[in-house]
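As the structure lists them, so they are numbered: ligands from 1, and atoms in each ligand from 1.
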Amino acid sequence: MSALQATYQDKWDELADIKDELAARDWFPGTSGNLSIKVSENPLRFLVTASGKDKRKRTAEDFLLVNEHSQSIESTSLKPSAETVLHQRIYENTNAGCSLHVHTLSNNVISELYGDQGEITFQDQELIKAFNIWEENGSITVPIVRNYAELPRLAEAVAEQIRPGIYGVLIRNHGITAWGRNGFEAKKHLEAFEFLFAYHLKLKQFTV
Ligand SMILES: CSC[C@@H](O)[C@@H](O)C(=O)COP(=O)(O)O
Ligand SMILES: [Zn+2]
């Protein structure tokens, strides 16, 4: 292990554990999804998943360290996730310490059903307390952006939606990127969003 690697081993292990838990939920179909965790703030350094891997597998080549331009800063043949720039923009625009991107059936269907509206809001749901919302009439909104093929443009579209009270952005027919101050909170937010999406779709089956 290099001296540099020793400085981020704890973060590596934390992200690897989160990856295993999301994999157990089957949230990485077809090698989709990417995860990152912040290692330092100034200058920005974060670990991000290597591109194109089967994220269900736990290996020594799962993550690499990138800089504030989403470029690898270690000598490696691994490529950072194609969507690293989205993680970069989230770290630039929020107090996030961890950012998680997954493609699920529920988040894709919700993004298509409400894509023209540009957002979906949930209210009267106990689980919005996962976002630290405790008022009786509190609500949580998830913006929905177009799935721009050009990744810097997509990252810009996501960044444009970031404001206080936003903890995740849906990309239409693609997936969700959710974040939190640390790995625990990012996973809590992602799980809560996915529960709300699945609940909404289930309820729709029983109502006209
Ligand atoms: C294999 S489809 C998914 C990709 O196009 C992409 O959206 C994705 O989430 C994973 O890309 P990756 O480069 O492995 O991080
Ligand atoms: Zn994706």
Side-chain angles (χ1 to χ4, degrees), residues 11-12 14-39 44-74 76-92 96 98-112 114-115 120 142-162 166-180 183 186-187 189-191 193-194 197:
K11 298 289 182 187
W12 178 294
E14 188 181 351
L15 196 59
D17 287 345
I18 291 170
K19 189 165 77 62
D20 283 353
E21 288 183 46
L22 303 187
R25 294 177 177 274
D26 204 16
W27 283 356
F28 298 125
T31 73
S32 64
N34 36 75
L35 315 177
S36 74
I37 194 160
K38 190 154 76 177
V39 169
L44 177 63
R45 301 283 182 264
F46 58 98
L47 287 168
V48 67
T49 39
S51 185
K53 299 261 182 190
D54 180 350
K55 281 98 188 180
R56 297 180 188 95
K57 305 259 176 358
R58 185 167 177 140
T59 78
E61 300 194 317
D62 287 342
F63 312 115
L64 60 162
L65 191 67
V66 297
N67 64 16
E68 68 274 32
H69 307 298
S70 293
Q71 293 160 343
S72 171
I73 52 171
E74 291 174 289
T76 173
S77 57
L78 299 172
K79 275 181 56 184
S81 164
E83 292 164 352
T84 302
V85 65
L86 274 84
H87 297 262
Q88 177 199 315
R89 297 305 306 271
I90 285 157
Y91 292 125
E92 286 170 0
C98 179
S99 159
L100 307 172
H101 168 74
V102 296
H103 302 201
T104 68
L105 207 49
S106 293
N107 69 37
N108 272 249
V109 175
I110 289 281
S111 76
E112 178 60 13
Y114 296 92
I120 182 167
V142 191
I144 306 168
V145 301
R146 198 170 124 190
N147 188 22
Y148 294 97
E150 195 203 334
L151 292 165
R153 178 72 193 90
L154 177 61
E156 179 60 26
V158 169
E160 282 168 2
Q161 297 301 324
I162 294 171
I166 298 295
Y167 301 103
V169 175
L170 278 163
I171 305 166
R172 191 164 180 170
N173 281 328
H174 178 159
I176 191 169
T177 292
W179 57 87
K187 187 164 72 75
H189 289 167
L190 179 64
E191 287 176 343
F193 281 136
E194 292 293 331
F197 299 153

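Residues N34 and T84 are not in side-chain contact: their nearest non-hydrogen atoms beyond the backbone lie 4.5 Å or more apart. A 4.5 Å side-chain heavy-atom check between L190 and L22 finds at least one atom pair inside the cut-off. Side chains of T104 and R25 form no contact here, defined as non-hydrogen atoms less than 4.5 Å apart. Between E68 and R45 the shortest side-chain heavy-atom distance falls below 4.5 Å. Put simply, the side chain of Q161 does not reach to within 4.5 Å of the side chain of I144, judged on heavy atoms. At least one side-chain heavy atom of L15 sits under 4.5 Å from a side-chain heavy atom of L35.
Close to ligand 1: T31, with a non-hydrogen atom less than 4.0 angstrom away. Contact analysis leaves K79 out of contact with ligand 1, as no non-hydrogen atom separation drops below 4.0 angstrom.
Among protein heavy atoms, atom 5 (O) of ligand 1 sits closest to E83 OE2, 4.5 Å. In terms of protein heavy-atom proximity, atom 3 (C) of ligand 1 is closest to H103 CE1, 3.5 Å. When hydrogens are left out, the protein atom nearest atom 13 (O) of ligand 1 is S51 OG, 2.6 Å; that is the closest non-hydrogen contact. Nearest protein neighbour of atom 11 (O) of ligand 1, counting heavy atoms only, is N34 ND2, 3.9 Å.
Note: H189 and Y167 have tilted aromatic rings, judged against thresholds of 30 and 60 degrees for the angle between ring planes. The aromatic rings of Y91 and F46 are tilted relative to each other, their planes meeting at an angle between 30° and 60°. Ring orientation note: the planes of F193 and F197 are close to parallel, at an angle under 30° on the 30°/60° scale.
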Q: List the steps, then state whether salt bridge (Lys or Arg N to Asp or Glu O under 4.0 Å) holds for R153 with E156.
A: CA-CA 5 Å; R153 178 72 193 90; E156 179 60 26; 5.8 Å; no
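The distance criterion of under 3.5 Å between nitrogen or oxygen atoms is met by S81 with respect to ligand 1. At a 3.5 angstrom cut-off on N or O pairs, G33 counts as close to ligand 1. For the pair A50 and ligand 1, the shortest N or O to N or O distance does not fall below 3.5 Å.
Nearest to the Zn ion (ligand 2), among the N, O or S atoms that E83 has, is OE1. Between the Zn ion (ligand 2) and the N, O or S atoms of H101, the shortest distance is to NE2.
Below 4.0 Å from some heavy atom of G52 lie the following atoms of ligand 1, by number and element: 12 (P), 13 (O), 14 (O). Taking every non-hydrogen atom of G30 and a distance limit under 4.0 Å, the qualifying atoms of ligand 1 come out as 1 (C). Atoms of ligand 1 lying under 4.0 Å from any heavy atom of H101, numbered from 1 in the order shown and given with element: 9 (O).
Draw a line from the Zn ion (ligand 2) to NE2 of H174 and another to NE2 of H103, and the angle between them is 90° (to 10°).
Within the 4.0 Å heavy-atom criterion, the part of K55 lying near ligand 1 is the side chain and not the backbone.
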